[in-house]
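Quick note on labels: first sequence line is chain A, next is B, and so on, each numbered from 1.
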Number of protein chains: 2
Amino acid sequence: MTVTIYDVAREANVSMATVSRVVNGNPNVKPSTRKKVLEVIERLEYRPNAVARGLASKKTTTVGVIIPDISNIFYAELARGIEDVATMYRYNIILSNSDLNEEKELTLLDNMYGKQVDGIVMMTERVTDPLADKMGHSPVPIVLAGSIDESNHLPSVNIDYTEATYEAVKQLIENGNERIAFISGSFNATINKKYKYQGYVKALEEAGIPIDEALIFDDVLTYDQGMKVYNHVSKLAQPATAYFVGSDEPAIGVIHAAQDDEKIVPIDIEVCSFENSKLARMVRPQLSSVVLPLYDIGAVSMRLLTKIMNKEDIEDKQVMLPYRMESRNSTR
Amino acid sequence: MTVTIYDVAREANVSMATVSRVVNGNPNVKPSTRKKVLEVIERLEYRPNAVARGLASKKTTTVGVIIPDISNIFYAELARGIEDVATMYRYNIILSNSDLNEEKELTLLDNMYGKQVDGIVMMTERVTDPLADKMGHSPVPIVLAGSIDESNHLPSVNIDYTEATYEAVKQLIENGNERIAFISGSFNATINKKYKYQGYVKALEEAGIPIDEALIFDDVLTYDQGMKVYNHVSKLAQPATAYFVGSDEPAIGVIHAAQDDEKIVPIDIEVCSFENSKLARMVRPQLSSVVLPLYDIGAVSMRLLTKIMNKEDIEDKQVMLPYRMESRNSTR
DNA sequence: CTGAAAGCGCTAACAC
DNA sequence: GTGTTAGCGCTTTCAG
């Protein structure tokens with residue numbers, strides 16, 4: 001039925017080995033026989049079977065990608081970065097959603113191992129012990145994208161979340177705010193709980209502003225949740241005048257809730273986000289945000305993975321990408 | 001190094017065949033030997049090699065997914081639908097972005113064939129002849145998701161784009177609008193050029209409103225492009241009073257441009273979109289939109305594919321999903 | 001219920 | 001430059 005390397009060999013009066021050589025671009029083939037083989041390949045429409053190749057060579061030229069949820073722009077942007085450089089290096093991507101569920105992450109890793117991927121790029125909120133253990137015993141290299149492994153054993157690509165947050169909050173303080181709410185994603189996430197939060201605390205302490213637990217919220221991920229938090233905070237005896245929000249969607253929720261509350265952003269209320277997806281430009285006023293370069297984090301992670309799979313020497317396996325602040329009109 | 005089925009067989013004092021049987025849940029194994037084998041598998045941490053399995057069985061339990069661009073929420077939503085039911089049926093997904101480039105689509109198909117995927121779900125703007133040809137000669141089943149194959153040879157999952165557009169435009173007409181702009185994505189896309197446009201024409205003709213080319217725009221995909229189109233149309237001698245926009249992003253651009261123009265939406269200007277992503281609720285006023293059930297289209301496509309791969313009888317290979325209108329505050 | 005053996009289609013020494 | 005020959009790790013008849 002399907003034409004195999006053997007069929008090509010027979011038709012071209014050469015051995016399988018020679019066909020294999022021309023298919024794989026091995027230079028040790030006389031131009032004339034290469035030509036002959038190529039012709040037969042064309043005529044028979046021969047297409048190498050990647051599975052057989054994978055079994056024989058122990059390389060599948062596919063890498064696994066485990067992310068929380070592809071339908072979230074946040075992660076989709078990362079995925080695109082990964083995919084683009086994967087394509088560049090001729091790798092295919094097996095994509096799986098973990099929904100931030102540790103059980104699922106563990107299963108997916110096993111699944112990827114079973115599929116004999118050549119490497120894995122993973123994004124997760126927290127590298128728990130079971131995860132660290134399974135990844136530590138991985139048969140293939142793994143790179144963490146935008147994720148922190150506190151033991152620092154795994155290669156990873158991140159930005160300095162603490163500094164970025166510190167700078168953003170400091171700016172809010174310099175603008176005259178003393179009541180600054182910290183609206184975060186899940187505190188189960190290492191990045192939120194230990195890094196961004198620390199930056200927030202550092203900025204406030206430096207300015208001599210006391211930390212008020214009443215202004216700190218975690219698990220705020222959606223537009224609606226952002227609105228809800230604003231509506232709660234605005235009714236406090238001492239409401240916040242500025243909001244540092246962990247991502248764009250809830251930040252927009254905060255802005256709209258503030259506007260519904262007859263407040264003018266950024267005059268009465270300032271809002272700063274931490275993401276800068278294309279949503280940031282699609283609100284009025286446009287959203288000021290720390291730029292989290294998701295696409296780049298994905299791309300660099302994949303690039304790092306190719307190097308490791310290729311057994312190249314890596315100077316530093318914990319890559320820190322630069323970040324910047326995009327000041328638009330939701331802050332003064 | 002890695003433990004194989006052979007190692008397990010030896011340790012358990014059975015044959016490879018028996019191990020294979022227990023791994024694959026074949027009932028023809030005595031409970032006691034099954035138990036014994038399972039223990040060894042556990043002890044040795046045996047993990048079946050999917051590549052070897054794929055070569056021997058000619059089934060890889062992975063399906064290819066070709067979509068235009070995963071970083072676009074529109075397609076990401078679709079991808080999630082596909083992935084969810086793929087997972088449900090134990091398939092993995094190889095995900096590739098085509099960027100709507102025919103050349104790339106052709107290459108990706110070949111690539112997928114080579115990887116021996118068991119099936120393919122594809123979304124594309126237009127099934128060109130070369131594409132139809134290559135898909136027609138596919139070694140594995142293919143399902144088109146949210147894409148039209150005009151020859152109707154390929155299984156596909158869609159909604160009735162023409163009727164949906166017709167109804168939406170008709171509503172705009174009933175609201176008293178006579179100057180209704182048709183802001184579309186690329187006219188290279190069959191769905192836009194032949195289906196949605198036809199619905200627009202039908203609604204206008206039925207109402208005796210002449211078609212005005214000056215109100216028809218294609219290739220409008222982004223927020224900025226939406227703004228630009230509004231700014232152009234609003235300066236016409238007879239500007240539009242209503243906009244039917246092909247997707248959410250440019251629809252929001254139109255709304256914001258209208259607001260910058262001191263117009264009140266939906267009093268002075270009505271805007272209706274065709275997508276209903278979560279963006280629709282994140283603008284003020286919230287966006288009225290035809291609901292394009294991307295997630296469902298993805299899920300149903302994948303489900304259909306599993307049936308075909310499974311050689312089940314399919315009543316109808318051209319599935320039409322229901323749609324509905326979500327009336328919010330950008331229309332009256 | 002279990003085992004033996006023949007591949008699946010290809011790569012990778014190793015000879016010549 | 002080219003051919004021969006083992007496998008890669010598993011499934012799948014076919015016997016028994």
| query | Of the nucleotides D/dC8, D/dC10, C/dG3, which one has an atom closest to the side chain of B/Arg53? | reply | D/dC10
| remark: Here the distance between atom C1' of D/dT2 and atom CD1 of A/Ile5, to the nearest Å, is 14 Å
| task | Output the single nucleotide from C/dT11, C/dC8, C/dG3 whose closest atom is nearest the side chain of A/Ala56. | result | C/dT11
| Atom CG of A/Asn13 to atom P of D/dT4: distance rounded to whole Å? | 12 Å
| Below 4.0 Å: OP1/OP2 of D/dT12 and any side-chain N or O of B/Lys58 | no
| request: Please indicate whether B/Glu45 has more than 12 foreign heavy atoms, meaning atoms of other residues, nucleotides or ligands, lying under 6.0 Å from its CD. | output: no
| query | With a non-hydrogen cut-off below 4.0 angstrom, is B/Ser20 in contact with a base, only sugar-phosphate, or nothing? | reply | base
| query | Has the side chain of A/Thr60 got a donor or acceptor atom that lies under 3.5 Å from a matching backbone atom of A/Gln116? | reply | yes
| message | Could you check whether A/Asn111 and A/Thr107, counting side-chain N and O atoms only, form a donor-acceptor pair closer than 3.5 Å? | response | no
| said: Looking at A/Lys134, I want to see if its NZ is surrounded by more than 12 non-hydrogen atoms of other residues, nucleotides or ligands under 6.0 Å. | reply: yes
| said: Go nucleotide by nucleotide along DNA chain C from the 5' end; which of A/Leu55 and B/Asn28 gets its closest nucleotide reached first? | reply: B/Asn28
| said: Whole angstroms only, please: what is the CG-C1' distance between B/Asn26 and C/dC1? | reply: 10 Å
| Just checking B/Val23: base, sugar-phosphate only, or nothing, at a heavy-atom cut-off of under 4.0 Å? | nothing
| field | Over 12 foreign heavy atoms within 6.0 Å of NZ, B/Lys104 | value | yes
| said: Taking any heavy-atom pair under 4.0 Å as a contact, classify A/Asn49: base, sugar-phosphate, or nothing. | reply: sugar-phosphate
| task | Report the nucleotide, chosen from D/dC10, C/dG9, C/dA4, that has the shortest atom-to-atom distance to any side-chain atom of B/Ser15. | result | C/dA4
| Is the base of C/dG9 touched by the side chain of A/Arg47 through a donor-acceptor pair closer than 3.5 angstrom? | no
| said: So, OP1 or OP2 of C/dG3: does either fall under 4.0 Å of a side-chain N or O from B/Thr18? | reply: yes
| query | Is B/Val51 touching bases, backbone alone, or none of the nucleic acid, heavy atoms closer than 4.0 Å? | reply | nothing
| Donor on one side chain, acceptor on other, A/Asn101 and A/Glu103, under 3.5 Å | no
| Quick one: A/Tyr6 OH to D/dT4 P, roughly how many Å, whole number? | 11 Å
| In terms of side-chain heavy atoms of A/Lys30, which of D/dG3, D/dT11, D/dT2 is nearest? | D/dT2
| note | Picking from C/dT2, D/dT2, D/dC10, the nucleotide nearest the side-chain atoms of B/Met16 would be D/dC10
| note | Among C/dA13, D/dC14, C/dC10, the one nearest any side-chain atom of A/Ala52 is C/dC10
| query | Considering only D/dG9, D/dC14, D/dT4, which nucleotide approaches the side chain of A/Ala17 most closely? | reply | D/dT4
| Rounded to the Å, how far apart are A/Asn24 CG and C/dC10 P? | 10 Å
| remark: Here the distance between atom P of D/dC8 and atom NZ of A/Lys59, to the nearest Å, is 16 Å
| field | Length of the NZ-P vector between A/Lys35 and D/dG1, whole Å | value | 17 Å
| Looking only at side-chain N and O atoms, does B/Thr33 come under 4.0 Å of OP1 or OP2 in C/dT2? | yes
| query | Side-chain N or O of A/Thr2 less than 4.0 angstrom from OP1 or OP2 on C/dG9? | reply | yes
| request: Measure the distance from NZ on B/Lys36 to P on C/dC1 and round it to the nearest whole Å. | output: 14 Å
